[in-house]
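Encoded as structure tokens, the structure appears first; notes follow it.
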Amino acid sequence: MLTEEKNQENLETRSSVNFIEAIINEDLRLGKNNSRVHTRFPPEPNGYLHIGHAKSILLNYGIACKYNGKFNLRFDDTNPIKEEQEYVDSIMEDVRWLGADWEDRLFYASDYFDQLYDWAEKMILDGKAYVDDQSAEVIAEQRGVPTAPGIESPYRNRLPEENLDLFRRMKAGEFQNGERVLRAKIDMASPNMHMRDPVMYRILHAYHHRTGNQWCIYPMYDWAHGESDYLEGITHSICTLEFEVHRPLYDWFVDQIQETDYRPRQIEFARLNLSYTIMSKRKLLELVKEGYVNGWDDPRMPTISGLRRRGYTPEAIKVFAEKVGVAKRDNVIDVSLLEFSIRENLNKTAKRVMAVLNPVKLTITNYPQDLTEDLITENNPEDPDAGMRTIPFSKELFIERDDFMISPPKKYFRLSPGKEVRLKSAYIIKCNDYRLDERGEVVEIFCTYDPESKSGGAGSNRKVKGTLHWVTVAHAIDAEVRLFDRLFKVENPEDVAEGEDYKTNINPDSLKVLNQCKLEPIMANAIPGEKFQFQRIGYFTVDPDTTPDKLIFNRTVPLKDSWSKSAL
RNA sequence: UGCCCGAUGGUGUAAUUGGCAACACGUCUGACUCUGGAUCAGAAAAGUCCAGGUUCGAACCCUGGUCGGGCAACCA
């Protein structure tokens with residue numbers, strides 16, 4: 001981004017900062033952390049990123065940019081059982097695609113395993129941590145409940161030397177999974193459950209995607225996260241609301257290692273929720289594993305890879321994230337805001353082309369049999385720089401089946417017997433007749449054209465109510481078009497009757513595949529990821545499944561359609 | 001009968017930190033249009049969860065409620 005633009009943006013938004021920026025402004029005013037701002041995005045590589053993560057990425061990266069600070073990408077990989085390299089790769093691709101640049105600061109919590117271990121030994125020596133021999137069940141029981149204090153473990157007052165010996169033997173692999181843990185010695189009576197001697201290390205004989213079999217003890221989130229922030233010099237550690245109750249523990253752990261004035265600060269914001277959408281990683285994984293969708297990048301998924309394949313652009317997602325804002329109250333954003341963002345973006349950038357999704361033949365009876373005209377049409381009326389192109393026109397055409405009705409309702413502006421319409425960038429035609437098959441389906445429409453009405457010509461000023469898109473029979477190329485609808489039938493998929501789950505709300509018609517689609521010939525050159533507006537229909541992108549002999553398009557989002565709406 | 005958060009049009013976010021509740025999406029009109037798109041013009045829609053208090057003045061401060069969310073993995 002140009003500095004000039006950035007300054008302009010700062011000026012514009014200065015009067016209205018979100019609560020996180022307000023905190024940062026205050027920290028800066030007080031000169032905290034040498035007036036540095038340093039954020040990070042800390043995903044666990046246990047699944048693909050979704051639009052909610054995009055909000056977080058863009059928030060963290062946006063703040064770093066705005067305050068001339070830095071942004072890190074850090075994988076929170078402290079649980080080898082759930083984490084995989086595939087997820088690391090996909091996450092990096094998605095973060096990069098969104099435009100968040102971590103420069104040379106790619107880190108892993110596992111980078112810090114040695115340091116964390118050393119600090120843990122020090123805490124043991126200081127009497128701040130101890131080894132507990134009890135089972136997970138017993139420990140959970142002793143922790144008590146939110147409304148009543150817990151009780152102390154019988155191992156709580158073990159001598160530091162014994163704790164150190166045991167901890168070293170844990171590390172050395174002398175014990176089985178679950179046999180012992182290292183716990184911080186805080187307060188079993190705290191009203192905050194997280195302060196009741198939380199587990200710092202558990203034994204996990206498991207292969208880690210980066211450290212292999214080097215370790216058999218792994219740090220817990222609370223112990224690893226704040227210390228990782230500390231090691232990276234993070235100033236503002238932004239996370240979601242559910243970690244709010246963890247903050248006292250975050251601070252307690254930082255207290256144990258802090259050596260200078262520098263100190264990272266945790267700030268929590270409300271995660272993004274979208275109507276008609278499910279955002280839980282666990283449930284998205286379930287949709288993938290149980291085959292409700294075709295993989296993490298299925299265009300119906302709210303994953304970043306799904307949105308990308310659907311045809312969304314990073315710009316649109318950025319605009320969306322800005323419009324959504326940042327606050328602490330729970331929210332459900334209407335998907336229409338997301339759709340607005342991509343339409344607004346693609347309206348300015350997508351090339352307009354003719355595509356007939358559900359074709360019916362139309363013959364212009366008074367047009368010369370062998371003639372093909374190259375007509376000129378705009379690539380994008382919203383973008384003067386997009387230029388013009390030619391499109392062939394001849395006697396036999398395809399038009400959209402929906403664009404013809406034998407006996408139309410009152411405000412139908414399209415084609416019907418005796419009526420006139422314009423063919424986009426071509427001529428005005430009049431319907432004289434049509435032919436039905438034995439089932440009563442229209443198989444051919446017969447029209448005459450007005451040679452004087454050619455687009456751009458002298459006599460082209462005549463007004464007709466409707467304009468149709470079309471392609472020629474002789475030149476059209478075939479394509480498969482995948483029409484996506486929302487994955488869930490209801491606004492809140494989690495809202496279900498007793499004994500049912502969100503899967504009962506899955507929309508059975510979320511994917512409709514059309515195979516007889518006819519496109520103007522220039523589309524033979526379309527490449528995967530390229531975006532178009534199919535005129536009068538919607539925005540489409542070329543799916544990566546496309547092969548040289550089979551073009552496949554995904555519908556990103558339909559055009560707004562006030563006609564079908566009013567017809568309801 | 002614990003602790004921590006939150007509450008502003010249908011949805012989301014603002015309100016110069018105590019000064020006429022604004023913006024966006026959505027909805028509805030109308031204009032324009034060779035995309036029933038876009039664009040343009042306009043409208044409806046909250047009196048700020050409730051009750052008290054402080055103040056000339058409260059969405060904002062205080063008190064007490066109500067409602068919603070979170071917290072009891074060797075998950076993050």
Side-chain angles (χ1 to χ4, degrees), chain A residues 14-18 22 42-44 46 76 78-79 81-83 132 135-137 139-141 143-150 177-183 190-196 198-204 217-218 220-222 224-225 239 241-248 268 270 275 281-282 322-334 336-341 343-344 347-348 352 377-378 381-382 411-414 421-426 428 453 455-456 460-469 533-538 558-566:
Chain A
R14 192 179 51 192
S15 59
S16 174
V17 298
N18 63 50
E44 181 187 15
N46 69 342
D76 219 332
T78 57
N79 186 355
I81 293 165
K82 290 189 182 172
E83 296 151 9
D132 197 328
S135 70
E137 297 71 45
I139 290 175
E141 208 172 293
R143 187 146 26 228
V145 291
T147 52
N177 289 356
E179 239 180 282
R180 273 169 242 265
V181 291
L182 183 73
R183 290 228 258 170
S190 170
N192 183 335
M193 297 295 291
H194 297 280
M195 299 298 275
R196 324 246 258 226
V199 172
M200 292 173 65
Y201 279 93
R202 76 288 214 188
I203 297 170
L204 248 29
I217 57 171
Y218 290 93
M220 299 288 291
Y221 165 85
D222 287 297
H225 200 93
C239 62
L241 246 31
E242 69 270 26
F243 292 101
E244 203 152 23
V245 282
H246 292 241
R247 196 185 336 133
E268 312 84 14
S275 61
K281 259 195 206 177
R282 203 202 89 229
E322 278 160 21
K323 286 186 182 298
V324 157
V326 184
K328 290 191 76 164
R329 72 172 123 163
D330 294 327
N331 60 79
V332 181
I333 309 292
D334 201 315
S336 67
L337 187 62
L338 221 209
E339 294 175 346
F340 166 82
S341 304
R343 280 198 192 100
E344 185 191 44
N347 176 45
K348 295 196 187 89
R352 271 62 170 171
T377 188
E378 283 176 297
E382 303 292 322
K411 282 209 205 145
Y412 189 78
F413 299 156
R414 285 114 97 149
V421 294
R422 172 171 289 282
L423 294 176
K424 174 74 182 170
S425 301
I428 291 173
S453 66
S455 289
S460 70
N461 284 336
R462 256 177 71 208
K463 301 286 181 214
V464 286
K465 220 33 178 156
T467 300
L468 307 188
H469 60 279
Q533 186 198 86
F534 288 179
Q535 220 136 192
R536 298 209 306 133
I537 302 174
L559 250 32
K560 270 213 227 165
D561 182 1
S562 51
W563 158 249
S564 71
K565 199 184 282 177
S566 69

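Under 3.5 Å, the side chain of A:R343 and the base of B:G37 form no donor-acceptor pair of N or O atoms. Within 3.5 Å, a donor on the side chain of A:E382 pairs with an acceptor on the base of B:G37, or the reverse.
The CG atom of A:N331 sits 19 Å away from the P atom of B:C5 (whole-angstrom rounding). Across the protein-nucleic acid pair, A:K560 atom NZ and B:C40 atom P stand 12 Å apart, rounded to whole Å. Remark: C1' of B:G36 and CG of A:L468 are 11 Å apart, rounded to the nearest angstrom. Per the geometry, CG belonging to A:D334 stands 14 Å off P belonging to B:G10, to the nearest Å. Following rounding to the nearest Å, A:R536 (CZ) and B:G37 (C1') show an atom-to-atom distance of 10 Å. As a whole-Å value, the separation of A:K323 NZ from B:A24 C1' is 5 Å. One interatomic measurement links the two molecules: CZ of A:F340 to P of B:C23, which rounds to 15 Å at whole-angstrom precision. Between A:E344 atom CD and B:G37 atom P there is a gap of 17 Å when expressed in whole angstrom units.
Considering only side-chain atoms of A:V332, the nucleotide from B:G12, B:G36, B:C5 that sits closest is B:G12. Taking every side-chain heavy atom of A:R352 into account, B:G37 is the closest of B:G37, B:G36, B:A14.
Place A:T467 and A:A148 on RNA chain B by their nearest nucleotides, and A:A148 ends up nearer the 5' end.
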Please assess A:K323 against A:F340 for the test side chain to side chain contact (heavy atoms under 4.5 Å, CB included), listing each intermediate value before the final yes or no.
-> CA-CA 11 Å; A:K323 286 186 182 298; A:F340 166 82; 3.5 Å; yes
Could you walk me through whether A:L204 and A:I81 pass side chain to side chain contact (heavy atoms under 4.5 Å, CB included), step by step?
-> CA-CA 8 Å; A:L204 248 29; A:I81 293 165; 3.8 Å; yes
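For B:A51, the glycosidic angle deviates from 0 by more than 90°, giving an anti base. B:U17 shows a glycosidic angle within 90° of 0 and is accordingly assigned syn. With its glycosidic angle more than 90° from 0, B:G12 is assigned anti.
Within 4.0 Å (heavy atoms only), A:E268 reaches no atom of the nucleic acid at all. Among the heavy atoms of the strands, none lies under 4.0 Å from A:F534. A:V326 comes within 4.0 angstrom of sugar-phosphate atoms only, judged by non-hydrogen atoms across all strands, and of no base. Looking at heavy-atom distances under 4.0 Å, A:G538 makes no contact with the nucleic acid at all. Within the nucleic acid shown, A:S336 comes within 4.0 Å of sugar-phosphate atoms alone, with no base atom in reach, counting heavy atoms only. Contacts of A:K465 with the nucleic acid, taken as non-hydrogen atoms under 4.0 Å apart, are absent.
No hydrogens or angles considered: nothing links the side chains of A:S190 and A:N192 as a donor-acceptor pair under 3.5 Å.
Taking OG1 of A:T467 as the start and CD1 of A:I428 as the end, the distance is 8.5 Å to the nearest 0.5 Å. In this structure, NZ on A:K465 lies 9.0 Å from NZ on A:K411, to the nearest 0.5 angstrom. Remark: A:R143 CZ to A:M193 CE distance equals 6.5 Å, nearest 0.5 Å. Residue A:R414 holds its CZ atom at 5.5 Å from CZ of A:R536, rounded to the nearest 0.5 Å.
Across the P atoms, B:U54 and B:G12 are found 35 Å apart, a figure rounded to whole Å. Here, B:G18 and B:C62 have their C1' atoms 14 Å apart, quoted to the whole Å. The separation of B:A43 from B:G64, taken at their P atoms, amounts to 44 Å, rounded to a whole angstrom. When the P atom is used for both B:A46 and B:U39, the distance is 27 Å, rounded to whole Å. Nucleotides B:G6 and B:C75, compared at atom P, are 30 Å apart to the nearest Å. Nucleotides B:A59 and B:G19 place their P atoms 10 Å apart, quoted to the nearest Å. Distance check on atom P: B:U1 versus B:U66 gives 16 Å, rounded to whole Å. A distance of about 46 Å separates the C1' atoms of B:A44 and B:A76, rounded to the whole Å.
The two residues A:A270 and A:N331 make their nearest non-hydrogen contact at CB-ND2, 3.8 Å.
With a 3.5 Å ceiling on both atom-pair distances, the Watson-Crick or G-U wobble partner of B:A7 is B:U66. Summarising the base pairing, B:G42 is matched to B:C28 through a Watson-Crick or G-U wobble pair whose two defining distances lie under 3.5 Å. In this structure, B:A22 forms a base pair with B:U13, meeting either the Watson-Crick or the G-U wobble geometry with both donor-acceptor distances under 3.5 Å. A 3.5 Å limit on both hydrogen-bonding distances identifies B:C71 as the Watson-Crick or G-U partner of B:G2. In this structure B:A76 sits in no base pair that meets the Watson-Crick or G-U test at under 3.5 Å.
Taking the six-membered ring where tryptophan is involved, the planes of A:H246 and A:H194 are tilted, since the angle between them lies from 30° to 60°.
Summarising the local packing, CD of A:E141 is surrounded by 12 or fewer heavy atoms from other residues, nucleotides or ligands at distances under 6.0 Å.
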What does the list of N/O pairs under 3.5 Å between the protein and nucleotides 69-76 of chain B look like, with a distance for each?
| residue | atom | partner | partner atom | Å |
| --- | --- | --- | --- | --- |
| B:G69 | O4' | A:D330 | OD2 | 3.4 |
| B:G69 | O2' | A:D330 | OD2 | 3.3 |
| B:C71 | O2' | A:H194 | NE2 | 3.1 |
| B:C74 | OP1 | A:R143 | NH2 | 3.4 |
| B:C74 | OP2 | A:R143 | NH2 | 2.8 |
| B:C74 | N4 | A:Q134 | O | 2.8 |
| B:C74 | N4 | A:A136 | N | 3.0 |
| B:C74 | N4 | A:G178 | O | 3.1 |
| B:C75 | OP2 | A:R202 | NE | 2.8 |
| B:C75 | OP2 | A:R202 | NH2 | 2.7 |
| B:C75 | O3' | A:R202 | NH2 | 3.2 |
| B:C75 | O2' | A:N79 | ND2 | 3.1 |
| B:C75 | O2' | A:K82 | NZ | 3.4 |
| B:A76 | OP1 | A:T78 | OG1 | 2.6 |
| B:A76 | OP1 | A:R202 | NH1 | 3.4 |
| B:A76 | OP1 | A:R202 | NH2 | 3.0 |
| B:A76 | OP2 | A:Y221 | N | 2.9 |
| B:A76 | O4' | A:E44 | OE1 | 3.4 |
| B:A76 | O3' | A:D76 | OD2 | 3.3 |
| B:A76 | N6 | A:H246 | NE2 | 3.2 |

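Here A:S341 does not reach the OP1 or OP2 of B:C25: none of its side-chain N or O atoms lies under 4.0 Å away.
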